[in-house]
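These numbers come from the heavy atoms of this one structure, side chains and all, not from hydrogens, waters or symmetry mates.
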Amino acid sequence: MNLPNGITVARILACPVVFVLAFQIRPLLLYLAFIVFLAASLSDLWDGYLARKHGQVTDVGKLLDPLADKLLLVATVIPFYMISHSRAPEGLVPWWGELPLWVVLVIFGRELAVTVFRSFAARRGTVISAGWSGKVKAFVQNLFSGSLLLWYAVYGSALQNGWDGGFWNFWRQLHGGFVGLSLLVALVLTVYSLGVYIWQYRYIWSQRG
């Protein structure tokens, strides 16, 4: 256990905290959910940088890092789906309303498909590492998740304090537009990155195990 792996473990431990806090109604707790999520997301960049810089890339780290990413995705997307279907209007996703089930299936279906494909490739002696398209996809997914957590917190503050007027309307349009657009881009990259993996390693299908 080195420092990069310790950071990865901390990110894993942060996932249930984000999951629980995301369901809260009080804006203060939602702001806390956003802060914890932001720290966890940034730690993904930090642990990878430290591991490469100090030559501390380990098999444990290669296992834990993608696990942490997937758990953080579960810790946000599942609450988003449930909240958007149970709390209107503050729980609705800007531009999207109730988060469609097909969106959830696309996001998690891609992760399952890549995991199965990597396992299939490993049995044939090929290790599939994270490509640039997958990294960009994960970054945009984090942008969406972070911006929606912050949206819930700000929207809750607006309802609690009776915010109204030009600035709030402007911020609502700006922030809400960012949330909706980031989800759209994340979905496009989700499908695209899966296609890139399959096309780039298509030769694996013809290899003998």
Side-chain angles (χ1 to χ4, degrees), residues 11 14-15 17-25 27 29-45 66 68-115 130-159 168-198:
R11 185 161 76 256
C15 292
V17 177
V18 173
F19 184 85
V20 171
L21 289 176
F23 283 104
Q24 304 306 308
I25 298 177
L29 295 178
L30 291 171
Y31 284 117
L32 181 58
F34 168 73
I35 292 172
V36 175
F37 175 83
L38 182 63
S41 300
L42 293 177
S43 74
D44 188 26
L45 303 175
D69 294 340
K70 289 175 174 57
L71 288 176
L72 193 59
L73 192 63
V74 170
T76 51
V77 174
I78 296 301
F80 293 160
Y81 178 79
M82 298 176 68
I83 291 169
S84 70
H85 284 261
S86 61
R87 299 180 195 168
E90 68 272 15
L92 300 178
V93 180
W95 286 18
W96 297 80
E98 295 180 349
L99 188 64
L101 179 60
W102 68 264
V103 170
V104 178
L105 294 178
V106 167
I107 291 175
F108 289 122
R110 184 267 183 198
E111 299 302 323
L112 177 61
V114 170
T115 300
W132 69 269
S133 61
K135 293 178 180 178
V136 174
K137 178 270 304 178
F139 176 75
V140 178
Q141 282 180 341
N142 284 340
L143 280 181
F144 161 69
S145 295
S147 63
L148 185 53
L149 279 173
L150 184 60
W151 167 264
Y152 285 154
V154 174
Y155 200 105
S157 295
L159 292 178
W168 165 239
N169 291 329
F170 168 76
W171 178 262
R172 183 169 55 184
Q173 294 296 324
L174 180 65
H175 192 164
F178 183 85
V179 172
L181 182 60
S182 63
L183 176 55
L184 178 61
V185 175
L187 286 172
V188 172
L189 290 173
T190 295
V191 177
Y192 173 75
S193 61
L194 176 61
V196 167
Y197 278 120
I198 294 176

4.5 Å side-chain heavy-atom contact, K137 and L194
no
Which value, rounded to the nearest 0.5 Å, describes the distance between Q141 atom CD and T190 atom OG1?
4.5 Å
Look at the rings of H175 and W171 and say which category their plane angle falls in: under 30° parallel, 30 to 60° tilted, over 60° perpendicular.
perpendicular
Within-4.5 Å side-chain heavy-atom neighbours: L38 and L42
yes
How long is the span from the OH atom in Y155 to the CG atom in L148, to the nearest 0.5 Å?
12.5 Å
Do the non-hydrogen side-chain atoms of L32 and Q24 ever get within less than 4.5 Å of each other?
no
If you take all heavy atoms of S84 and E98, which pair is closest and at what distance?
O-CG, 3.2 Å
Check against side-chain contact (heavy atoms from CB on, under 4.5 Å), Y31 and L149:
CA-CA 8 Å; Y31 284 117; L149 279 173; over 6 Å; no
Tightest non-hydrogen contact, residues S145 and T76, listed as OG-OG1, 3.3 Å
Looking at every non-hydrogen atom in both residues, tell me the closest pair between A186 and V140 and how far apart they are.
N-CG1, 3.7 Å
Taking all non-hydrogen atoms of both residues into account, name the closest pair between S133 and Y192 and its distance.
CB-CE2, 4.1 Å
Within the 4.5 Å heavy-atom criterion, are W151 and L92 side-chain neighbours or not?
no
Nearest 0.5 angstrom please: L101 CG to H85 NE2, how far?
7.5 Å
When every non-hydrogen atom of G156 is compared with those of P27, the smallest separation belongs to C-CG, 3.6 Å
Could you check if a side-chain atom of F144 sits within less than 4.5 angstrom of a side-chain atom of V93, using non-hydrogen atoms only?
yes
How long is the gap from CD1 on I83 to CG on L30, to the nearest 0.5 Å?
7.5 Å
How about L187 and I107: do any of their side-chain heavy atoms sit closer than 4.5 Å?
yes
May I ask you to test the S41-L72 pair for a side-chain heavy-atom distance under 4.5 Å?
yes
S147 OG to L183 CG distance, which is reported to the nearest 0.5 Å
9.0 Å
Look at the side chain of Y152 and the backbone N and O of G91, then say whether any donor-acceptor pair between them is shorter than 3.5 Å.
yes
Among V74, V36, L71, which one satisfies side-chain contact (heavy atoms from CB on, under 4.5 Å) with C15?
L71
For the CD atom of E111 and the CZ atom of F108, what is their distance to the nearest 0.5 Å?
8.0 Å
Side chain to side chain, R11 and D69, heavy atoms closer than 4.5 Å
yes
Look at the side chain of S43 and the backbone N and O of A40, then say whether any donor-acceptor pair between them is shorter than 3.5 Å.
yes
Parallel, tilted or perpendicular: which describes the rings of W96 and W102, with under 30° parallel and over 60° perpendicular?
tilted
Atom of G146, atom of F37 and distance for their closest heavy-atom approach
N-CE2, 3.4 Å
Is a side-chain donor or acceptor of W95 paired with a backbone partner of L181 at a separation under 3.5 angstrom?
no
How are the rings of F23 and F19 set to each other: parallel, tilted or perpendicular (split at 30° and 60°)?
perpendicular
